[in-house]
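Below you'll find the structure, written out as structure tokens, and then a few comments.
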There are 2 protein chains.
Amino acid sequence: MKQVRKPLADSPAVHDQVYDSIRQALITGRIAPGKGVSLRTLAAELGVSPMPVRDAVRRLVAERALAINPANKRLSVPSLTADRLEQLSLARLWVEPELAARAATRVDAGLIRQLQAIDAEVDEALRLGDVDRYMTANHAFHFALYERAGADVLLSMAGGLWLQIGPFMRVVFGRVGADGLVADRHAEAIEALKVKDADGARRAIAADLSEGMDKMRAAVGTDA
Amino acid sequence: MKQVRKPLADSPAVHDQVYDSIRQALITGRIAPGKGVSLRTLAAELGVSPMPVRDAVRRLVAERALAINPANKRLSVPSLTADRLEQLSLARLWVEPELAARAATRVDAGLIRQLQAIDAEVDEALRLGDVDRYMTANHAFHFALYERAGADVLLSMAGGLWLQIGPFMRVVFGRVGADGLVADRHAEAIEALKVKDADGARRAIAADLSEGMDKMRAAVGTDA
DNA sequence: CGGCGCGAACTGTGATCACAATCGTCCGGA
DNA sequence: TCCGGACGATTGTGATCACAGTTCGCGCCG
């Protein structure tokens, strides 16, 4: 299986595609916390050489979405601890409402429609109890909003935090089942955005996060 | 120059050493913002193959300490913009005082002594107008304190932010000269730590950052 | 039949090579 | 003198190999 040719001209770099694949798997929690992964295995699954996987993994380790055992240098998904959850919650509760507030001053009708469409998708997934789809749609909702803030530094911080907390959300919701997926504050946020109410958007997102984190905290406290 | 042997058993990985080298160069501002860098050049300077440099660079790019031109994919140190500075300031003003406050509840006499020693180094560098040494010592002071907070998620956030703002500090201080390096709030912070005054430590660090950032803001506003 | 040791397979790391794309420079023509 | 095109040098990316450490399983011995 020797492949020397690389006819891809300006197509997206392979390691970026690999990064997105793993990232998505982590955000939606398809890879369980504590689970070990390996470069060659991932490479084989994705049908590429270990090289771009190595690049992607380095990036994910830097973002703390993957951990590396200092003893044997093996890769794994970080385990959730109550302490880590607390820090991540605190950080998210600072950055994300800030992004929402900034975005509120720049919304337009198109974004409102887009958010409403995504939120419908969220509700649909919620109704069906489709955890995977819920995860993806919920992520899409938040970041469609945050991107509008035009604050790339803060946005990347939020992305990194979400990446770290993704696997745990899956564990929690997977454990409590679809019942754990109750109403969110998305509609409330959209209402605030419609009138460009920055403070209202900030509060709505803060409440949304806060409630989600409370559920996770409770679930983690029980056994993790 | 063929080297196949790798007799190093458990010595620190090469790519980590390379990472530290580049990181230090960035924090102390030895690499100017906007300046381009290349894998092979860095590798040659550090006397290693391009491979570990590639790993280190990936990590730094993930931490936004290095930027990658999406068009030609070439590497460079990110340029400072007023907008970026504002976001970084905001984020630092949230995380770092928080870390200081947490650390305050866990200080002991040893840490106090250590901080006093580092602060003396800072003052010495300040007196001599040695920007490089000042940078290093100032960084050491803050992180010796922050590490004590025992909050690794927040600590890594602070590390990432410092890494992003490092090159700019150098430019600013290099421009205004040693005169720009006036008194800091380190002594004030140490006093608060002595009595485990978390809120005092928070305020002292916040003031320290705030004043430093104001200088940078002013310097950036003039020309950048 | 139970435990233990040795070897095979798998792990991350680093080096080297191949390749396409880009940058920079120099030279020729108008 | 100035502009443009071509060619060489340099860049990042990906593949493959080499190597050392670890892990795991199978077979042999007690």
Side-chain angles (χ1 to χ4, degrees), chain A residues 1-23 31-32 34-78, chain B residues 1-23 31-32 34-78:
Chain A
M1 214 243 272
K2 190 132 177 167
Q3 181 181 350
V4 182
R5 293 265 130 238
K6 188 185 58 174
L8 314 173
D10 52 349
S11 67
V14 177
H15 66 86
D16 278 326
Q17 299 178 3
V18 172
Y19 172 80
D20 286 336
S21 296
I22 305 179
R23 177 191 175 94
I31 309 182
K35 187 86 173 288
V37 294
S38 93
L39 297 182
R40 288 174 176 82
T41 303
L42 283 173
E45 287 174 359
L46 297 170
V48 297
S49 95
M51 203 62 235
V53 177
R54 181 173 165 175
D55 285 342
V57 162
R58 280 255 179 270
R59 192 170 155 190
L60 289 162
V61 169
E63 291 170 313
R64 303 188 137 248
L66 286 179
I68 174 170
N69 184 331
N72 57 11
K73 303 181 172 184
R74 265 166 167 85
L75 293 167
S76 62
V77 183
Chain B
M1 212 238 277
K2 190 131 177 168
Q3 180 180 353
V4 180
R5 294 263 133 241
K6 187 184 59 173
L8 313 174
D10 51 351
S11 66
V14 178
H15 66 84
D16 279 325
Q17 300 178 2
V18 172
Y19 172 81
D20 287 335
S21 296
I22 306 180
R23 176 190 174 93
I31 308 181
K35 189 85 173 287
V37 294
S38 93
L39 297 182
R40 288 175 176 82
T41 303
L42 283 174
E45 288 174 358
L46 297 170
V48 297
S49 93
M51 202 62 237
V53 177
R54 182 173 165 175
D55 286 342
V57 161
R58 279 254 180 273
R59 193 168 156 193
L60 290 162
V61 169
E63 291 171 305
R64 305 190 133 246
L66 286 179
I68 175 171
N69 184 332
N72 56 12
K73 304 179 171 184
R74 265 167 168 89
L75 294 167
S76 61
V77 182

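The structure presented is a predicted model; accordingly, all values stated were derived computationally and were not measured. Numbered from 1 within each chain, the chains take letters A, B, ... in sequence-line order.
Summary of helix geometry: the two end axes of the helix from C:dC1-D:dG30 to C:dA30-D:dT1, each defined by five base pairs via their C1' atoms, are inclined to each other by 10° (rounded to 10°).
Taking CZ of A:Arg64 as the reference point, atom CD of B:Glu63 lies at 10.0 Å (rounded to 0.5 Å). Rounding to the nearest 0.5 Å places CG of A:Leu42 at 5.0 Å from CD1 of A:Ile22. Taking CG of B:Leu39 as the start and OG of B:Ser49 as the end, the distance is 10.5 Å to the nearest 0.5 Å.
Ion pairing of A:Asp16 with A:Arg59 is present here, as a side-chain N (NZ or NE/NH1/NH2) and a carboxylate O approach within less than 4.0 Å.
Between B:Leu46 atom CG and C:dG14 atom P the separation is 13 Å, expressed in whole Å. Residue A:Asp16 contributes atom CG, which lies 8 Å from atom P of D:dT13 at whole-angstrom precision. Atom P of nucleotide D:dA15 and atom CE of B:Met51 are separated by 12 Å, given to the nearest angstrom. One interatomic measurement links the two molecules: CG of A:Asp55 to C1' of D:dG14, which rounds to 9 Å at whole-angstrom precision. Counting to the nearest Å, the P atom of D:dA15 and the NE2 atom of A:His15 are 11 Å from each other. Between A:Arg58 atom CZ and D:dG14 atom P there is a gap of 15 Å when expressed in whole angstrom units.
Contact annotation: A:Arg54 side-chain N/O to D:dA15 OP1/OP2 distance is not under 4.0 Å. For C:dG12, neither phosphate oxygen OP1 nor OP2 lies less than 4.0 angstrom from any side-chain nitrogen or oxygen of A:Asn72.
Between the side chains of B:His15 and A:Arg58, at least one donor N or O sits under 3.5 Å from an acceptor N or O.
Here the side chains of A:Arg54 and B:Asp55 are in contact, with some heavy-atom distance below 4.5 Å. A:Leu75 places a side-chain heavy atom less than 4.5 Å from the side chain of A:Val61. Between B:Val14 and B:Val18 there is a side-chain heavy-atom pair separated by less than 4.5 Å.
Distance from the side chain of A:Ser49 is smallest to D:dA15 among D:dA15, C:dT13, C:dT16.
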Criterion side-chain contact (heavy atoms from CB on, under 4.5 Å) on B:Val37 and B:Thr41, from CA distance to verdict: CA-CA 7 Å; B:Val37 294; B:Thr41 303; over 6 Å; no
Nucleotide N/O of nucleotides 4-11 of chain D paired with protein N/O under 3.5 Å:
unit_1: D:dT11; atom_1: OP1; unit_2: B:Ser38; atom_2: OG; d: 2.9
unit_1: D:dT11; atom_1: OP1; unit_2: B:Thr41; atom_2: OG1; d: 3.1
unit_1: D:dT11; atom_1: O4'; unit_2: B:Arg74; atom_2: NH2; d: 3.0

